[in-house]
Amino acid sequence: MPSTANVGPQDMPRHLEPINLLAARNERESVQIAIRPKVSWSGSSVAGTVQIQCSDLCSTSGDRLIVGQSLLLRRVVPILGVPDALVPVDLPVSQINLFPGETTALWISIDVPSSQPPGQYEGEIAITAIKADAESPVQILSKVEKHQLYRDLKGCLDIVEPIDGKPLDEVVERVKSATTSLRRILLSPSFSEFFSDNGPVDVMDEDAISSLSIRMKLNLTVWEFVLPETPSLPAVFGISDTVIEDRFGVQQGTAEWYEALDQHFKWLLQYRISPYFCKWADGMRVLTYTSPWPADHPKSDEYFSDPRLAAYAVPYKQVVSGNDAAKDYLQKQVEILRTKTHWRKAYFYLWDEPLNLEQYDSVRNMASEIHAYAPDARILTTYYCGPNDAPLAPTPFEAFVKVPSFLRPHNQIYCTSEWVLGNREDLVKDIITELQPENGEEWWTYVCMGPSDPHPNWHLGMRGTQHRAVMWRVWKEGGTGFLYWGANCYEKATVASAEIKFRHGLPPGDGVLYYPGEVFSTSHQPVASLRLERILNGLQDIEYLRLYASRYGRDESIALLERTGVYFGPERYTFEHMPIDAMRGQIFNACRS
């Protein structure tokens, strides 16, 4: 099943067919496998257990995409009855239980490295029914055997580790020696079950004998296009620091706190997202910061210089209170950052959706202070209306359009709600006409609790193409950045493994794009949602469209979106996956060398 399918327990899988995928380099492409038992072969409440085995993907010239590194497998777990959480499973071999009358979905992701040679890659996924009486008993090594195995493996490491700068002939000797040792370990009794009289047996070959195996061919075309390491569209997503503090029991400013924030930051970068941490104050004032460390800390430089980060938030005031005088703090930070080449990525996000004159004035006052130290600083403001107690124009929409002239020169990034536009794409030109790009003004957009169905958004239960269409809309409308208010904003809990509850009053899934790993297993790694993967797909689509536009012009790229039936407008876009493959295929054919 395609990555845009929502495969629930009652959805019937399609007929078995080979998987054919296309991916650029530095791209992740995903597909789903839906499995449903026709009969039961287990005595318990489950229909039976299946073993899933994935092979590496190999090209005709011998290049590989390695299972467990480039190829990942996750189980789709329902949240509020809707398929959403992607829980990792073991690789290259894992076992899952199937239930009578229910479809189970697996999510396969292939990450193609930037340096991967282009070509046709082929692999296989074998799904084997395991009989209860055939399941192998658990074999536990004794402490003596374990210790011997540990010493042997450490010995191999000791042989090959100090090879830096050694002459080639010595390196060859060391590798040969380590190979001999490793072969001896593999031939030891501990691993005898994996051998037959004829030497090592490939587990997957053994399965070919069984009529209980289903083998799925996985074909991947890797083409020469490399997705830029720095995303073309800055997509800035909020992470609530207080949610992390409460759930994981870490106190602000402690080593554990920095470690927790660091983990979340680094994990989200793989999704072509530029994260910022966020703390809410009264009246929707926000303290936003991408690095919890001060500007002169090496970690801040590491964060801001990371090529995967397209934009970073600079805090208006101190995040962790220290010895610095609060009044000097802003000036010092700005003076340090302005000397760096990454300063062009910096922005200040001070207030979320100001509603009245007092709040708009607060934005202007804070911006004035920042611009006194850095005239070239970028201030970002999210809004969906003008000040309600001092109308800027006769109608709400006209007042909304006049916000730039009201905020100028204090604001540079005008970030508007997609909800305001409704299905009237023609209103976009009214917004853009008001802006002064020649003076560094930009138009970004955002979604939150609105817009609602059928418009593109990331709520739980929306169609897969509806999730992906958020970025098609951005491309067609011409926004140059995107903001999302929260990726981990579920209800407060004080235990890491506590059940996830969405915030009262918000549509399910709004503000929650990933889950704590502890909810599903003993893992501390965050668990992505289907929706987060589809956001990545949409951001990758933008890189494809940008490549096409660089050759044939922006208007032609929009014509392609429409010609392939992918996206016409917020109420007219494909519900099926096929047009997406058609669009990507046409870009591949038009732009490959």
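The structure presented is a predicted model; accordingly, all values stated were derived computationally and were not measured.
- Checked against the 6.0 Å centroid criterion, the rings of Tyr446 and Phe482 do not qualify as a close aromatic pair.
- In this structure, Asp389 contributes its side chain and Leu357 its backbone to a donor-acceptor pair below 3.5 Å.
- At least one donor-acceptor pair under 3.5 Å links the side chain of His467 to the backbone N or O of His459.
- A donor and an acceptor atom, one from each side chain of Asn219 and Asn20, are located under 3.5 Å apart.
- For His264 and Phe277, the gap between ring centers reaches or exceeds 6.0 Å.
- Between Leu435 and Tyr414, some side-chain heavy-atom pair lies under the 4.5 Å cut-off.
- Side-chain contact check for His371 versus Gln412: some heavy-atom pair is nearer than 4.5 Å.
- With respect to the salt-bridge test (charged N to carboxylate O, under 4.0 angstrom), the residues Arg25 and Glu224 do not qualify.
- Phe400 and Trp419 have their aromatic ring centers separated by at least 6.0 angstrom.
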Problem set entry | Trace of the salt bridge (Lys or Arg N to Asp or Glu O under 4.0 Å) decision for Arg272 with Glu543 | CA-CA 11 Å; Arg272 301 187 75 79; Glu543 303 298 356; 3.0 Å; yes
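- Between Ser291 and Ser300, the shortest heavy-atom distance links the atoms OG-OG, 2.8 Å.
- The environment of NZ in Lys402 is sparse: at most 12 heavy-atom neighbours from other residues, nucleotides or ligands sit within 6.0 Å.
- No side-chain donor-acceptor contact under 3.5 Å links Thr445 to the backbone of Ser417.
- Remark: the Thr382 side chain and the Glu353 side chain contain no N/O donor-acceptor pair separated by less than 3.5 Å.
- Within a 6.0 Å radius of CD in Glu358, no more than 12 heavy atoms belonging to other residues, nucleotides or ligands are found.
- Interatomic distance, Glu477 CD to Ile432 CD1, rounded to the nearest 0.5 Å: 8.5 Å.
- If you check the side chains of His504 and Glu491, you find no donor sitting under 3.5 Å from an acceptor.
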Problem set entry | Derivation of the side chain to side chain contact (heavy atoms under 4.5 Å, CB included) call for Asn457 and Met462 | CA-CA 8 Å; Asn457 205 328; Met462 287 181 163; 3.7 Å; yes
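- Atom CZ of Arg247 and atom OG1 of Thr242 lie 12.5 Å apart (nearest 0.5 Å).
- For Ser70 (side chain) and Val112 (main-chain N/O), no donor-acceptor pair under 3.5 Å exists by modelled atom type.
- Annotation for Thr4 and His577: closest pair OG1-ND1, 2.8 Å, computed over non-hydrogen atoms.
- In this structure, OG1 in Thr288 is found 10.5 Å from CG in Asp241, a value given to the nearest 0.5 Å.
- Inspection of the Ser109 and Ser30 side chains reveals an N or O donor paired with an N or O acceptor under 3.5 Å.
- A donor-acceptor pair is defined here as one N or O able to donate and one able to accept, closer than 3.5 Å; no such pair exists between the side chain of Asn26 and the backbone of Ser114.
- When atom types are taken as modelled, the side chain of Gln32 and the backbone of Leu106 share no donor-acceptor pair closer than 3.5 angstrom.
- For the pair Arg584 and Tyr544, the cation sits on the ring face: its NZ or CZ lies under 6.0 Å from the ring centre, inside 45° of the axis.
- If you look at Trp343 and Phe304, their ring centroids are not closer than 6.0 Å.
- Remark: Arg338 is not positioned above the aromatic ring of Tyr373, lacking an NZ or CZ atom under 6.0 angstrom from the ring centre and at most 45 degrees off the axis.
- The shortest non-hydrogen separation linking Gly386 to Val403 is CA-CG2, 3.7 Å.
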For this session: Just do the side chain to side chain contact (heavy atoms under 4.5 Å, CB included) check on Val428 and Leu421 with the steps written out, would you?
Result: CA-CA 8 Å; Val428 169; Leu421 296 172; 3.9 Å; yes
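- The neighbour count for Arg563 CZ, taken as heavy atoms of other residues, nucleotides or ligands under 6.0 Å away, is above 12.
- The pair Glu533-Arg74 meets the salt-bridge criterion, with a side-chain N (NZ, NE, NH1 or NH2) lying under 4.0 Å from an Asp/Glu carboxylate O.
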Problem set entry | Residue pair Lys345, Lys340: steps toward the side chain to side chain contact (heavy atoms under 4.5 Å, CB included) verdict | CA-CA 10 Å; Lys345 298 185 190 180; Lys340 309 283 188 179; over 6 Å; no
Problem set entry | Derivation of the ring-ring contact (aromatic ring centres under 6.0 Å, His included) call for Phe348 and Tyr316 | CA-CA 7 Å; Phe348 289 82; Tyr316 174 69; 7.8 Å; no
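- Within 6.0 Å of atom CE in Met284, more than 12 heavy atoms from other residues, nucleotides or ligands are found, so the atom counts as buried in its surroundings.
- Taking the charged nitrogens against the carboxylate oxygens, Glu556 and Arg551 have no contact shorter than 4.0 Å, which rules out a salt bridge.
- Counting only distance, with no hydrogens or angles, the side chain of Arg534 and the backbone of Ser3 share a donor-acceptor pair below 3.5 Å.
- Proximity of a side-chain donor or acceptor of Asn488 to a complementary backbone N or O of Ser240 within less than 3.5 Å is detected.
- Under 4.0 Å is where a charged nitrogen must lie from a carboxylate oxygen, and between Arg408 and Glu434 no such pair does.
- In this structure, Arg554 is positioned above the aromatic face of Trp475, its NZ or CZ under 6.0 Å from the six-membered ring centre and within 45° of the axis.
- By the 6.0 Å contact criterion, CD on Gln270 is enclosed, its count of non-hydrogen atoms from other residues, nucleotides or ligands being greater than 12.
- Here the CD-CG distance, from Glu398 to Leu392, works out to 11.0 Å after rounding to the nearest 0.5 Å.
- By the 4.0 Å N-to-carboxylate-O rule, Arg473 lies too far from Glu425 to be salt-bridged with it.
- Both tests hold for Arg364 against Phe406: distance to the six-membered ring centre under 6.0 Å, angle to the ring axis within 45°.
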Problem set entry | Intermediate values then yes/no, side chain to side chain contact (heavy atoms under 4.5 Å, CB included), Tyr552 and Cys591 | CA-CA 10 Å; Tyr552 304 100; Cys591 298; 4.2 Å; yes
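- There is no side-chain donor-acceptor pair under 3.5 Å between Thr381 and Trp351.
- Separation of atoms CG (Asn537) and CD1 (Ile580) is listed at 8.0 Å; rounding is to 0.5 Å.
- Looking at every heavy atom in both residues, Val512 comes nearest to Arg531 through O-NH2, 2.7 Å.
- Under the 6.0 Å cut-off for aromatic ring centres, Phe588 and Trp223 qualify, their centroids lying closer than that.
- Salt bridge Lys299/Glu302: present, at least one basic N to carboxylate O contact under 4.0 Å.
- Note that Arg463 lies in the cation-pi zone of Phe575, set by a 6.0 Å cut-off to the ring centre and a 45° limit from the axis.
- Between Leu350 and Ile379, the shortest heavy-atom contact is CD1-CG2, 3.8 Å.
- Using a 4.5 Å cut-off on side-chain heavy atoms (C-beta onward), Tyr347 and Val236 make contact.
- Side chain to side chain, Asn411 and Tyr383 fail the donor-acceptor criterion of an N or O pair below 3.5 Å.
- Between Trp485 and Phe237, the gap from one ring centroid to the other reaches at least 6.0 Å.
- When every heavy atom of Pro451 is checked against every heavy atom of Glu418, the shortest pair comes out as CD-CB, 4.1 Å.
- Atoms CZ and OG1, from Phe568 and Thr574 in turn, are 9.0 Å apart once rounded to the nearest 0.5 Å.
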